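Fair warning: this is a prediction, and the values are worked out from it, not measured in the lab. Below, chains carry the letters A, B, ... as their sequence lines are ordered, and counting in each starts from 1.
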Amino acid sequence: MQETMIKRAKELLADGTVSRVIGWKKGEFGYDSTPAVFETAEELDRDFVFDDFTASNVSKYLVKESRKDGKILAFLKPCDTYSFNQLIKEHRVIRENVYIIGIPGGPKLDVEKIKAKGITGILNKKNENYTLKIETLYGTETMMFYEAICGKCQDCKSKKHVIYDELIGEDGDVLDSSRFDMVEKLENMTAQERFDFWREQLSKCIRCNACRNVCPACTCEKCVFDNPKSGIENKAPSDSFEENMFHIIRAFHVAGRCTDCGECSRVCPQNIPLHLLNRKFIKDINELYGEYQAGADLTSKSPLTDYDTNDCEPSIVHERGVE
Amino acid sequence: MNKNLKEQVLRSSGVNVLKCMRCGKCSATCPSYDEMEYHPHQFVYMVEKGDIETLMKSDSIYKCLTCFACVERCPRGVEPAKVVEAVRLAAVRQQGNNHLSPVQIPEMLDDDLPQQAIVTAFRKYAK
Amino acid sequence: MQVNNNFEPVIVAFCCNWCSYAGADLSGTNRLNYPTNVKIIRVPCSCRVNPMFILRAFQKGADGVIICGCHPGDCHYTSGNYFTRRRITLLYSMLDFLGIERNRTRLEWVSAAEGAKFAATMQQFTEDVKKLGPNRRLEDLRCRKQ
Amino acid sequence: MQRIGVFVCHCGTNIAATVDVKAVAEALSHEPGVVISQDYQYMCSESGQNLVKDAIKEHNLTGVVVCSCSPRMHENTFRKAAASVGLNPYLVEIANIREQCSWIHKEIATATDKAIILGKAAVAKVHLNAPLTAGESPVVKRALVIGGGIAGIQTALDIAEAGFDVDIVEKKPTIGGKMAQIDKTFPTLDCAACILTPKMVEASQNEHITIHSFSEVADVKGFVGNFTVTIKKKARYVDEVKCTGCGACVEKCPMKKVPNEFNEGLDNRHAIYIPFAQAVPKVATIDPNYCMMLKNGKCGVCSKVCAAGAIDYKQQDKFIEQKYGAIIVATGFNPINLDKYDEFAYSQCPDVVTSLELERLMNAAGPNGGTLLRPSDKTHPHTIVFVQCVGSRCDDEKGKPYCSKICCMYTAKHAMLIREKYPDTEVYVFYIDVRTPGKNFDEFYRRAVEQYNVHYIKGMVGKVTPKSDGKIDVQASDLLANEQLHINADMVVLAAAIEPDKTARPLATMLTTQMDTNDFFTEAHPKLRPVESATAGIFLSGACQGPKDIPETVAQASAAAAKAIGLLVKNSITCNPCVAHSDELLCNGCSSCEKVCPYGAITYQDKEFRMPDRTTAIRRVASVNPAVCQGCGACTVACPSGAMDLNGFSNSQIMAEVDAICK
């Protein structure tokens with residue numbers, strides 16, 4: 001797959017269709033690839049990588065890249081196309097400046113899950129019959145493949161590309177996922193249990209801002225948390241700001257716009273399940289205002305900029321779940 | 001004027017006599033009107049003035065049937081029957097311990113007596 | 001749970017200028033009593049109430065937040081309260097999800113003619129919040145009153 | 001550095017009785033930025049305003065906080081005062097310590113604490129107030145009058161007289177209202193129709209007046225000077241333009257058993273009808289509940305006899321939309337339903353009638369052609385008992401707590417007319433109080449007693465019992481004689497309380513105007529602005545605001561017209577500068593705000609910006625049209641980046657208030 005992608009990218013660079021390519025670049029180790037922009041065939045040959053660890057969503061980078069001169073080639077996995085579509089809808093990317101090649105999605109692997117098994121010095125890995133064979137500095141280790149799948153791919157919602165100029169490989173379908181199971185489980189806890197759960201999780205936050213910086217819905221010119229005039233400016237971790245304000249406000253800001261790409265939880269160094277906050281909003285929206293998938297199309301109105309005269313009252317909160 | 005007596009009547013009746021607008025509908029509706037020396041509206045007015053002893057001495061307190069027509073019809077929610085009853089109660093209390101007791105009741109009963117009358121009578125004489 | 005009888009909650013009420021604020025004025029004009037705990041902030045429309053304000057109030061030590069607007073369909077600005085209803089429903093649902101007591105938040109439609117409803121609503125809401133006791137779950141410790 | 005002045009009003013004892021105003025002034029004087037903090041008896045009075053003005057000049061104030069009544073009352077007063085001495089009016093904030101503090105609380109200590117907190121919130125807000133300049137918005141030179149009774153007609157005529165177009169919306173097939181049903185008017189006893197119908201004709205012929213009869217207001221949008229109203233013209237199944245009002249259809253209509261509302265159901269009309277001879281517009285209306293053609297397609301007689309071809313069985317409700325600068329509410333009143341008053345046997349005995357029914361019974365155009373006959377057996381009544389205050393001055397859920405005001409006078413009128421016309425009739429009036437404040441009113445009542453020998457008895461009727469011989473036993477008390485009376489009457493007339501029309505409440509909701517607990521519209525000020533509602537551009541005419549007799553109604557109607565004309569003569573009104581604005585440096589151009597704006601006030605443009613890294617970039621940013629924006633603030637919450645903010649109610653201002661309250 002990686003070779004096919006590099007070959008096609010080189011062709012498009014050569015015939016002048018695009019002047020740059022955005023994809024993933026090898027890191028220091030076999031598992032720490034990062035999004036990167038390539039301008040020449042040499043760079044592609046040397047650094048371009050596409051494997052089980054290239055989980056990151058490159059859509060957000062196109063906010064800046066699509067505003068530069070010339071066209072850019074973007075390799076988008078199915079989940080990334082949702083983010084991209086949403087950005088088009090919000091006029092944040094310039095569609096004409098991006099040539100999209102849809103590529104197959106995950107499941108991608110989470111290196112932290114491998115490390116958690118005590119496997120270190122990772123050099124390479126191979127998937128054989130659902131078993132992951134990992135070559136390390138200290139010899140070969142094995143683990144079950146599914147145990148290493150990253151969180152966002154476990155609850156994959158769709159294998160379908162909602163936007164592309166061409167596809168490499170087959171297009172898939174929207175999946176029946178069980179992504180709301182954990183939200184539901186929390187809903188059925190008592191308020192005290194939920195409070196304890198979230199207090200424990202959110203108090204781990206170190207305000208590294210990785211969730212915000214990676215989020216394809218967080219593309220504000222200036223984030224409210226960085227803006228002294230917003231009244232809620234807060235740049236460093238403080239007593240209870242993270243628990244009480246930061247994550248709630250962030251989730252609310254992306255409510256109705258979040259495509260559930262799962263990047264926030266993937267990048268969180270403290271393993272806070274931030275995606276559950278977004279999913280709670282998505283679940284509520286689906287249940288109260290009708291099914292809505294942000295980024296699935298370019299025309300539908302976001303549920304929070306829309307209304308129905310027969311909408312439920314907030315007192316519905318009292319009628320659902322457990323207090 | 002006996003202030004304590006007035007307060008006692010007001011408290012035991014729970015009636016705010018100041019709400020009366022002197023329309024007289026209570027007396028207009030009263031079936032015992034002709035039997036009574038003082039009429040329902042006068043009860044309300046005299047209690048307001050504090051002239052309770054006069055009422056206590058009058059037979060009128062026993063002539064009230066406690067039918068509650070005045071309570072039902074009063075446009076101001078004054079409840080004159082409760083005032084009458086409170087005055088009666090004040091009189092009964094002063095008389096001492098000559099209350100009617102439940103064991104005395106059966107022999108006084110008449111088969112044709114409506115149940116409501118028994119209850120009313122008991123409410124009236126047993127305090 | 002320990003019930004502190006002397007607990008006087010801080011209650012922030014956001015009232016839209018056209019209906020609910022006028023309704024609050026009307027309950028004053030009609031001398032309808034409601035607890036002093038309730039302090040009203042005037043906003044042009046209930047849709048002006050940013051969820052940020054609500055979280056901010058809780059963080060600064062409010063024990064209850066109530067939002068009042070025109071009845072759905074009667075918004076002075078035609079549609080403002082419909083947006084309010086969605087936003088506030090989602091926010092309240094999220095606060096519930098985070099384990100915040102449901103009775104600390106409320107949205108009520110009060111028209112300019114409903115002075116009695118305004119007073120009764122505030123009375124009830126204050127009682128509900130009193131029963132819950134002080135807001136500890138959403139408060140910023142630095143803002144706690146001594 | 002801010003220099004803020006705080007002014008605490010006593011409002012006589014309205015505030016000072018429950019709030020320690022001195023303590024409030026003292027506490028607020030320690031707030032940051034406050035350089036002067038004073039209290040005064042009446043801050044809104046001229047000397048009170050001068051106090052504010054002098055302080056602004058003397059201390060060179062940058063902000064003013066007035067702790068007083070609701071901003072809905074006097075915000076403008078103090079803003080104007082500030083402006084007159086050169087302080088931007090939008091640097092004035094009001095802390096509402098009357099309606100929302102002193103009037104609702106009883107304990108001085110807690111009320112004072114609350115007043116201080118409200119004051120602190122206002123001080124915190126005013127710190128962040130910015131000077132604003134108001135724009136202007138045009139006034140639509142057309143008025144809408146809702147209700148076509150004497151109040152609505154008079155208001156419309158006066159507005160038309162001033163040269164403005166005015167539309168009357170009347171829910172019944174004809175204008176005229178209650179006055180059209182009345183026989184004679186007190187205290188002059190002139191015929192109501194003789195003075196009303198010329199006005200109805202005048203209204204229909206006035207080139208400035210359009211009458212939408214059989215119509216209702218379906219929707220109201222907009223604001224002072226620029227309301228958009230949807231009027232529902234109900235299907236009357238007759239083409240209003242073609243119908244000549246000849247009445248041929250009415251005569252031939254075979255469906256004759258429809259209770260005649262105009263005669264209070266005392267006789268019948270046809271399924272197609274013209275309410276009364278002088279109806280305006282004089283156009284027939286088909287009652288779809290009774291018309292055989294509309295119910296089952298069998299009949300069609302009216303269509304056959306109509307020479308003008310005006311009958312249209314397929315007519316549908318029609319909605320028209322019209323813009324208005326001012327709206328005048330004149331929805332009037334109705335007598336209350338007496339079904340719950342069993343003691344007066346109203347629903348059991350046909351000879352127990354309401355006063356309005358008596359009007360029809362005595363009217364020459366009424367069911368008996370003006371001869372007073374008992375509805376039951378059409379005989380002359382010889383003893384008539386009038387009962388006052390039926391449902392008025394009541395403390396229970398059956399009646400109304402207020403005095404209906406007009407009953408004493410019309411009962412004196414009825415008694416007098418009956419004694420004049422039928423001297424052999426004995427007339428008794430049971431009253432609680434006879435209330436006759438008004439020019440020539442008490443003289444009128446005395447005439448009834450002295451000249452016409454009407455028996456006025458102080459006391460109330462307790463029980464009305466119809467007897468088998470057709471007579472009616474009236475049991476009542478005579479309080480002055482201290483006796484209970486039984487009168488063997490032929491008729492009993494009940495002076496039913498009056499209540500606002502049922503359509504008033506939904507209308508108030510549409511208009512966003514205030515109502516009291518009895519559904520009467522609340523005036524902007526009970527003494528000083530009695531014909532305006534608190535909502536700008538909405539005026540009150542007639543009994544919709546409270547019980548009124550005809551002269552009072554007409555006076556108020558003209559006053560409301562004068563107020564509306566005062567608005568309509570203006571070419572534009574100063575508009576609210578508290579509108580949204582977008583900080584272009586923060587705007588993402590995401591279109592969230594545009595989608596929630598009900599006025600379409602937000603547009604986008606591509607603009608070139610110098611970026612922090614010294615490059616230039618073209619960005620899509622929102623801009624708000626301040627003339628179109630009404631300042632609701634929906635966009636400010638939809639905006640994820642906080643670029644959209646609202647003048648006068650900015651994020652930081654509201655949060656400052658929140659902080660002050662929670663502190």
Side-chain angles (χ1 to χ4, degrees), chain C residues 8 10-12 14 17-19 21-45 47-54 56-62 70-71 73-80 83-84 87 111-116 119 143 145, chain D residues 69-73 96 98-107 110-111 113-114 117-118 121 125 221 223 505 508-510 512-517 519 521-522 526 534-535 576 578 596 598-599 630-638 642 646 648-649 651 654-655 657-663:
Chain C
E8 288 297 338
V10 175
I11 290 173
V12 179
F14 291 98
N17 182 47
W18 305 99
C19 289
Y21 194 87
D25 277 356
L26 186 63
S27 66
T29 313
N30 292 344
R31 310 297 195 276
L32 301 171
N33 183 263
Y34 57 85
T36 49
N37 307 66
V38 178
K39 315 283 189 309
I40 296 170
I41 294 179
R42 184 162 70 127
V43 287
C45 175
C47 71
R48 176 66 188 92
V49 179
N50 196 313
M52 261 169 19
F53 304 159
I54 300 167
R56 169 79 161 221
F58 280 127
Q59 196 200 12
K60 295 283 175 181
C70 309
H71 285 265
D74 302 342
C75 178
H76 181 78
Y77 305 100
T78 322
S79 56
F83 293 119
T84 309
R87 290 167 184 161
S111 81
E114 292 174 327
C143 302
K145 291 173 286 282
Chain D
C69 53
S70 171
R72 293 169 62 89
M73 298 289 289
N96 184 345
R98 192 178 78 175
E99 280 85 347
Q100 295 179 5
C101 190
S102 71
W103 276 356
I104 42 172
H105 305 311
K106 294 189 180 74
E107 235 180 82
T110 50
D113 283 349
K114 177 171 174 178
I117 292 174
L118 294 177
K125 185 178 182 193
K221 285 195 173 68
F223 49 92
R505 185 159 275 275
T509 303
M510 277 191 262
T512 68
T513 47
Q514 293 186 5
M515 280 192 138
D516 63 19
T517 45
D519 281 10
F521 283 87
T522 307
T535 307
N576 175 15
C578 294
V596 297
Y599 306 102
Q630 296 302 319
C632 67
C635 53
T636 61
V637 183
L646 190 64
F649 295 94
N651 287 333
I654 295 176
M655 276 194 272
E657 287 181 87
V658 168
D659 292 358
I661 289 172
C662 297
K663 224 186 278 173

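In this structure the side chain of Cys45(C) never reaches within 4.5 angstrom of the side chain of Asn17(C), judged on heavy atoms. You'll find the side chain of Cys47(C) reaches within 4.5 Å of the side chain of Cys632(D), heavy atoms only.
Most heavy-atom pairs under 4.5 Å with chain D: of the set Val38(C), Val12(C), Ile11(C), Ile41(C), this distinction falls to Ile41(C). Of the listed residues (Lys106(D), Gln100(D), Lys114(D)), the one with the most heavy-atom contacts under 4.5 Å to chain C is Gln100(D). In terms of heavy-atom pairs under 4.5 angstrom with chain C, the leader among Arg72(D), Met73(D), Glu657(D) is Arg72(D). Listed options Cys19(C), Gly28(C), Pro35(C) were ranked by heavy-atom pairs under 4.5 angstrom with chain D; first place goes to Gly28(C). Interface summary for chain C: among Cys635(D), Cys101(D), Ser70(D), Ala638(D), the most heavy-atom pairs under 4.5 angstrom belong to Ser70(D). Ranked by heavy-atom pairs shorter than 4.5 Å toward chain C, the options Ala121(D), Cys578(D), Gly631(D), Ser102(D) are led by Gly631(D).
Minimum heavy-atom separation, Ile104(D) to Ser27(C): CG2-O, 3.8 Å. The minimum heavy-atom distance between Thr636(D) and Asn50(C), with the atom names listed, is O-ND2, 4.0 Å.
Interface remark: Ile117(D) contributes side-chain atoms only to the contact with chain C (heavy atom separation under 4.5 Å). Residue His76(C) touches chain D through both its backbone and its side chain, counting heavy-atom pairs closer than 4.5 Å. Neither the backbone nor the side chain of Asp113(D) comes within less than 4.5 Å of any heavy atom of chain C. For chain D, the nearby part of Phe14(C) is the side chain; its heavy atoms alone come within less than 4.5 Å. Only the side chain of Phe83(C) comes within contact range of chain D, judged by heavy atoms closer than 4.5 Å. Interface residue Arg42(C): backbone and side-chain heavy atoms are both found under 4.5 Å from chain D.
The closest donor-acceptor contact from the side chain of Lys125(D) to the backbone of Gly648(D) lies under 3.5 Å.
Between Arg98(D) and Asp25(C), none of the side-chain N atoms (NZ, or NE/NH1/NH2) sits under 4.0 Å from a carboxylate O, so this pair counts as no salt bridge.
Phe649(D) does not carry Arg48(C) over the face of its six-membered ring by the limits of under 6.0 Å from the centre and within 45° of the normal.
Using cut-offs of 30° and 60° for the angle between ring planes, the Trp18(C) and Tyr77(C) rings count as perpendicular.
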